[in-house]
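What follows is a single structure, written as structure tokens, with notes after it.
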Amino acid sequence: METIEAQDPLDELLTCRLDYGRKAVEPCTIVIFGASGDLTARKLIPALFHLFQEKQLPDPVRIVGFARREKPHDAWREELWGALQQFSRTKNIPPADWAAFAQNLFYCQGEFGDAGAYQRLKLLLESFSHESLGKNLLFYLSTSPSQFAEIAEHLSRSELLTRSESKPGWQRVVVEKPFGHDLVSAQQLNQELTRFAYEKQIYRIDHYLGKETVQNILMFRFSNSIFEHVWNRQSVDHVQITVSEKLGVGSRGGYYEEAGALRDMVQNHLLQVLALIAMEPPVSLEAESIRDEKVKLLKSIRQLHPSQVASNVVRGQYIAGQIDNSNRIAYRQEQKVNPESNVETYVALRVLIDNWRWSGVPFYLRTGKALPMSASEVRIQFKPTPHVLFAAQCGPRLDANAITLRLQPNEGIFLRFNGKVPGTSLQIRPVRMHFSYDSEFGAYTPEAYERLLLEAIAGDATLFIRRDEVEAAWGIVDPIRESWKNLKLTERELYSAGGWGPEAADDLMLRSQKWRKPHPLP
Ligand code: BG6
């Protein structure tokens with residue numbers, strides 16, 4: 001396989017650097033609400049630390065953790081140092097790098113509903129030496145969604161967050177998922193947040209959009225003429241999007257009981273990937289043009305009436321089983337899970353898109369926990385050749401072409417086509433062409449949160465979800481949820497941990513289509 005060293009120097013000359021137009025990052029303070037939570041320790045601080053190491057953060061910068069528990073700045077720094085060593089994507093972090101980074105970390109104790117705490121936060125911000133640190137503010141809400149509006153209101157009352165265009169500096173609010181639990185609650189949350197901030201100040205996170213391979217979908221589609229020509233109903237038979245996870249729900253049972261796979265994965269990550277795969281070319285690379293096309297696509301997804309759900313959607317829940325030779329407990333035995341829970345840990349659905357390009361092409365989406373492997377991929381399955389020549393003789397054994405975008409792990413793109421088996425007899429079999437990120441670019445895969453935090457600091461909303469987008473996505477999943485309400489899971493809907501989900505998922509497939517297992521690791 002070709003390595004990065006062996007590359008043609010022309011490749012370097014032909015690299016088109018699009019982020020020359022990227023907005024500059026200005027000195028600012030990032031305030032994390034929910035600073036004692038898992039996300040801060042596992043994702044946010046490691047991401048900010050790596051950005052700091054790579055000199056991508058503004059200089060100066062301050063990071064303030066806001067949480068309930070009383071603790072001195074140093075105790076928070078100490079905690080985060082421990083977490084970084086555990087969760088960082090690089091090992092053996094130089095303590096000197098950490099020390100340089102840690103002097104920018106501060107802690108502010110407070111209840112989210114206590115006005116006095118926001119005054120303390122204000123004083124802390126004012127105490128920072130550089131003027132911009134008190135007026136360019138990124139508020140990261142890593143709390144329960146029920147607290148988003150309350151925090152925004154307090155920030156607004158204490159004049160830390162303002163809708164005024166004339167005030168110097170900028171303020172932005174980053175909100176974590178889940179954004180609401182259905183269309184009505186998402187609309188309500190949108191209304192509440194936009195009382196205190198303009199839509200353009202609100203950055204709704206879907207961390208899948210921060211993944212390199214997900215961003216590459218647009219490059220792949222719109223910078224290559226050979227693929228775009230076949231990306232339509234004339235050539236494509238169907239599309240499969242699989243996001244499978246080996247892990248069960250682990251310690252997140254409490255959250256998961258409220259969410260289930262439909263809200264946790266389909267409403268956001270899977271529909272976002274689908275939107276990027278199926279949307280029309282945007283008129284420009286501006287955030288709004290791209291988001292307009294995604295919304296248009298989401299709005300062209302055929303909505304299911306609750307009576308159509310059973311024939312288009314399959315849910316499942318894992319029971320005890322084995323993965324990689326180790327025993328796994330059933331979902332109903334996980335911590336904080338109701339022993340009679342009917343919450344789905346698996347969903348498979350057939351989606352139809354009513355627009356000119358995709359009319360009649362089924363998109364199959366599936367995701368689940370406790371499946372045999374962790375892998376996310378999109379498979380574009382092309383139509384078979386006409387029933388003459390080889391196809392006439394080989395029948396269904398002549399494999400149709402497919403392009404697979406492997407989102408993670410082992411990131412890459414495979415093209416599957418048929419070739420002659422060398423030898424005197426006439427035999428045909430599928431072969432693959434394979435582009436691997438690691439072999440082409442070296443093993444550098446920044447965490448999704450690094451990219452997302454940087455974009456939010458720079459004020460580029462392309463990789464964040466707009467209000468109408470989040471609402472359109474809820475509109476798609478709500479009828480499904482509605483039809484499951486009060487319906488107990490049946491035997492047929494249970495699957496053993498380590499299996500590929502309920503068998504009923506196979507019945508969703510039309511014609512001779514079948515689910516393809518994600519390609520195993522090499
Ligand atoms: C999160 C979900 O948004 O995405 C988790 O809440 C899921 O349940 C995770 O495990 C998957 O993300 P990734 O990046 O590991 O594919």
Side-chain angles (χ1 to χ4, degrees), residues 34 37-44 46-47 87-89 140-145 174-181 186 203-217 241-274 276 315-318 323 328 331 334-337 341 343-347 365-378 405-412 437 445-453 463-465 469-470 473-474 477 497 501 518 521:
D38 236 27
L39 187 80
T40 307
R42 284 173 181 266
K43 298 285 181 192
L44 302 182
F87 301 119
S88 161
R89 67 175 163 81
Y140 198 111
L141 309 191
S142 168
T143 64
S144 132
V174 181
V175 277
E176 263 298 332
K177 70 172 258 268
F179 196 88
H181 54 268
Y203 288 65
R204 296 175 194 79
I205 287 237
D206 182 319
H207 80 277
Y208 264 57
L209 296 185
K211 291 182 191 274
E212 284 288 336
T213 46
V214 174
Q215 289 165 36
N216 188 43
I217 296 173
I241 301 179
T242 298
V243 176
S244 71
E245 295 185 281
K246 250 192 210 176
L247 289 178
V249 296
S251 57
R252 296 171 74 224
Y255 153 78
Y256 206 82
E257 279 285 276
E258 295 296 316
L262 190 67
R263 286 182 174 133
D264 186 46
M265 300 293 289
V266 178
Q267 187 273 344
N268 35 72
H269 309 324
L270 274 89
L271 286 180
Q272 282 297 321
V273 172
L274 169 65
L276 292 169
R315 63 177 176 167
Q317 188 191 78
Y318 62 87
I323 302 183
R328 301 286 287 268
Y331 174 70
E334 301 275 12
Q335 286 166 45
K336 302 197 198 134
V337 169
S341 173
V343 167
E344 77 290 351
T345 59
Y346 173 98
V347 184
L365 276 51
R366 65 174 168 171
T367 182
K369 301 235 181 245
L371 299 184
M373 68 168 83
S374 289
S376 304
E377 61 181 44
V378 180
L405 308 186
R406 174 67 162 228
L407 306 181
Q408 64 184 26
N410 191 29
E411 291 81 359
Y437 277 77
T445 316
E447 277 274 337
Y449 276 93
E450 293 176 34
R451 179 71 195 260
L452 294 174
L453 282 160
L463 301 180
F464 296 85
I465 316 290
E469 232 177 307
V470 82
W474 279 119
V477 301
L521 295 177

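All ligand and atom numbering here is 1-based and tracks the order in the structure.
- The side chain to side chain donor-acceptor pair (under 3.5 Å) with Tyr318 is formed by just one residue from the set Glu334, Lys369, Glu344; it is Glu334.
- With respect to the salt-bridge test (charged N to carboxylate O, under 4.0 angstrom), the residues Lys177 and Asp264 qualify.
- Not counting sequence neighbours, the partners of Lys246 by the side chain to side chain contact (heavy atoms under 4.5 Å, CB included) test are Ile323, Asp324, Ser374.
- Here Ser144 pairs with Ser146, Gln147 under the side chain to side chain contact (heavy atoms under 4.5 Å, CB included) rule; sequence neighbours left out.
- A salt bridge links Glu447 with Lys43: the distance from a Lys NZ or Arg NE/NH1/NH2 to an Asp or Glu carboxylate oxygen falls below 4.0 Å.
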Does ligand 1 have any N/O atom under 3.5 Å from a protein N/O, and what are those pairs and their distances?
residue: ligand 1; atom: 3 (O); partner: Lys177; partner atom: NZ; Å: 2.7
residue: ligand 1; atom: 3 (O); partner: His269; partner atom: NE2; Å: 2.7
residue: ligand 1; atom: 4 (O); partner: His269; partner atom: NE2; Å: 3.4
residue: ligand 1; atom: 6 (O); partner: Lys177; partner atom: NZ; Å: 2.9
residue: ligand 1; atom: 6 (O); partner: Arg252; partner atom: NH2; Å: 2.9
residue: ligand 1; atom: 6 (O); partner: Asp264; partner atom: OD1; Å: 2.6
residue: ligand 1; atom: 6 (O); partner: Asp264; partner atom: OD2; Å: 3.4
residue: ligand 1; atom: 8 (O); partner: Arg252; partner atom: NH1; Å: 2.8
residue: ligand 1; atom: 8 (O); partner: Asp264; partner atom: OD2; Å: 2.6
residue: ligand 1; atom: 8 (O); partner: Lys369; partner atom: NZ; Å: 2.8
residue: ligand 1; atom: 10 (O); partner: Glu245; partner atom: OE1; Å: 3.3
residue: ligand 1; atom: 10 (O); partner: Glu245; partner atom: OE2; Å: 2.5
residue: ligand 1; atom: 10 (O); partner: Lys369; partner atom: NZ; Å: 3.1
residue: ligand 1; atom: 12 (O); partner: His207; partner atom: NE2; Å: 3.2
residue: ligand 1; atom: 14 (O); partner: His207; partner atom: NE2; Å: 2.8
residue: ligand 1; atom: 14 (O); partner: Lys211; partner atom: NZ; Å: 2.5
residue: ligand 1; atom: 16 (O); partner: Tyr208; partner atom: OH; Å: 2.5
residue: ligand 1; atom: 16 (O); partner: Gln408; partner atom: NE2; Å: 2.7

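- With sequence neighbours excluded, the residues satisfying side chain to side chain contact (heavy atoms under 4.5 Å, CB included) with Arg263 are His181, Ala259, Trp474, Arg481.
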